[in-house]
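Computation of the quantities below employed the complete heavy-atom set of this structure, encompassing side-chain atoms and omitting hydrogens, waters and symmetry-equivalent molecules.
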Amino acid sequence: MDSLRERDYTYPKALQKGNWPVSGGANAFLSFIKNELSPYIDKTYHTDTLNRSLMGHSLGGYFTLYTLLTDVQEKQFFFKNYVSASPSLDYCNKYILKQFINYQGRVNSSAKIFLTYGEGEDREEGGIATEGVNNFNDLVKQLSGDKYKNI
């Protein structure tokens, strides 16, 4: 099960193949959600297609941010709400964080992002914040900036 999680929730392929034998499949998984799963659900059940939400935790939180970034770059928001809980921002040398930092456009969307990070996560002895907390704070700073102000 972990290999599917590592494959489907990550992009790009991991830098260290030994630790991540299968990774980098987020493009395919997102395409499946948008082009196969969601249309099936919409056809089978009464859904509100204008108020879709995507939620993920840890690597799933990373995938949620990857999806938001993809939607930002394509200027088409498939989801209205993105919930990223304790995202794995250190994955692949902070790839997703760097993509948000380096994005050159401005966002024109009413999409909403909800971010969480647990108080006790990534704490060294003595309660000093580690890199995970710092990465999260860097992401919040980026998403609070002018180019993302509409989210």
Side-chain angles (χ1 to χ4, degrees), residues 1-45 47-118 121-122 130-145 147-151:
M1 187 64 95
D2 277 347
S3 65
L4 296 178
R5 181 176 155 271
E6 291 167 0
R7 178 195 69 193
D8 291 342
Y9 292 170
T10 59
Y11 183 89
K13 288 190 180 284
L15 298 174
Q16 296 176 327
K17 302 278 187 227
N19 296 343
W20 299 80
V22 180
S23 64
N27 276 338
F29 188 54
L30 182 55
S31 178
F32 165 73
I33 289 172
K34 289 181 175 182
N35 300 316
E36 295 180 48
L37 181 62
S38 291
Y40 173 79
I41 291 171
D42 294 341
K43 185 173 70 173
T44 306
Y45 303 100
T47 59
D48 181 355
T49 60
L50 299 177
N51 196 26
R52 296 182 198 274
S53 296
L54 178 66
M55 191 273 178
H57 173 264
S58 190
L59 277 181
Y62 179 94
F63 176 74
T64 299
L65 291 174
Y66 170 79
T67 301
L68 173 62
L69 182 64
T70 300
D71 290 355
V72 163
Q73 292 169 337
E74 294 175 356
K75 296 178 176 35
Q76 289 187 309
F77 290 82
F78 188 78
F79 297 96
K80 175 75 173 178
N81 305 295
Y82 301 79
V83 183
S84 179
S86 302
S88 299
L89 295 172
D90 58 336
Y91 174 75
C92 205
N93 197 26
K94 304 181 190 181
Y95 172 82
I96 204 78
L97 179 58
K98 289 176 182 177
Q99 296 303 305
F100 277 106
I101 290 169
N102 294 327
Y103 179 69
Q104 295 300 310
R106 291 213 181 277
V107 179
N108 187 15
S109 171
S110 60
K112 293 180 173 63
I113 177 89
F114 301 91
L115 299 168
T116 67
Y117 204 81
E121 292 186 59
D122 275 355
T130 61
E131 188 175 9
V133 173
N134 294 333
N135 290 342
F136 182 80
N137 289 334
D138 288 345
L139 176 66
V140 169
K141 180 180 176 184
Q142 286 305 311
L143 293 175
S144 299
K147 63 184 164 185
Y148 298 105
K149 71 179 177 182
N150 293 329
I151 294 182

Just do the salt bridge (charged side-chain N to carboxylate O under 4.0 Å, His left out) check on K13 and E6 with the steps written out, would you?
CA-CA 10 Å; K13 288 190 180 284; E6 291 167 0; over 6 Å; no
Taking it one step at a time, do D90 and N135 satisfy side-chain contact (heavy atoms from CB on, under 4.5 Å)?
CA-CA 7 Å; D90 58 336; N135 290 342; 4.1 Å; yes
Start with the C-alpha gap between L139 and I101, add the side-chain angles, then the distance that decides, and say whether side-chain contact (heavy atoms from CB on, under 4.5 Å) holds.
CA-CA 8 Å; L139 176 66; I101 290 169; over 6 Å; no
Provide the closest heavy-atom pair for Y82 versus A111 in the form atom of the first, atom of the second, distance.
CE1-CB, 3.8 Å
Are the side chains of N93 and K98 in touch, meaning some heavy atoms are under 4.5 Å apart?
yes
D48 atom CG: more than 12 heavy-atom contacts under 6.0 Å
yes
Determine, stepwise, if the pair Q142 / D138 fulfils side-chain contact (heavy atoms from CB on, under 4.5 Å).
CA-CA 6 Å; Q142 286 305 311; D138 288 345; 5.7 Å; no
Test side-chain contact (heavy atoms from CB on, under 4.5 Å) on F63 and D8; report intermediate values, then the result.
CA-CA 8 Å; F63 176 74; D8 291 342; over 6 Å; no
Within-4.5 Å side-chain heavy-atom neighbours: F77 and L68
yes
Residue pair R5 / L59: nearest heavy atoms and the distance that separates them
NH1-CD1, 3.6 Å
Should F114 and S84 count as side-chain neighbours, where that means a heavy-atom distance under 4.5 Å?
no
Between Y91 and Y9, does the ring-ring contact (aromatic ring centres under 6.0 Å, His included) criterion hold? Intermediate values first, please.
CA-CA 11 Å; Y91 174 75; Y9 292 170; over 10 Å; no
Between D71 and F79, which heavy-atom pair has the shortest distance, and what is it?
OD2-N, 4.0 Å
Using every non-hydrogen atom in the two residues, find where G56 and T64 come nearest and quote the distance to one decimal.
N-OG1, 3.2 Å
Whether S38 side chain and K34 backbone form a donor-acceptor pair below 3.5 Å:
no
List the atom of A14, the atom of S23, and the distance in Å for their closest heavy-atom pair.
N-OG, 2.7 Å
Verify whether one side chain among D42 and T47 offers a donor that lies under 3.5 Å from an acceptor in the other.
yes
Main-chain N/O of Y103 paired with K147 side-chain donor or acceptor, under 3.5 Å:
yes
Determine whether the side chains of K80 and S110 contain a donor N or O and an acceptor N or O closer than 3.5 Å.
yes
Can you name the nearest heavy-atom pair linking F136 to T116, along with the distance?
CE1-O, 3.5 Å
Donor-acceptor check, side chain of K75 to backbone of N108, threshold 3.5 angstrom: yes or no?
no
When you compare the side chains of N81 and N51, does any donor N or O come within less than 3.5 Å of an acceptor on the partner?
yes
Quick check: does any side chain N or O of Q104 sit under 3.5 Å from a backbone N or O of N102, one acting as donor and the other as acceptor?
yes
Look only at the side chain of S58 and the backbone of P87, and say whether a donor-acceptor pair between them is shorter than 3.5 Å.
no
Any P39 side-chain heavy atom under 4.5 Å of N35 side chain:
no
Examine distances only and state if a side-chain atom of Y62 and a backbone atom of H57 form a donor-acceptor pair shorter than 3.5 Å.
no
Report yes or no: does N150 contribute a side-chain atom to a donor-acceptor pair with the main-chain N or O of V107 at less than 3.5 Å?
yes
Tell me whether the guanidinium CZ or amine NZ of R7 lies under 6.0 angstrom from the six-membered ring centre of F29 and within 45° of its axis.
no
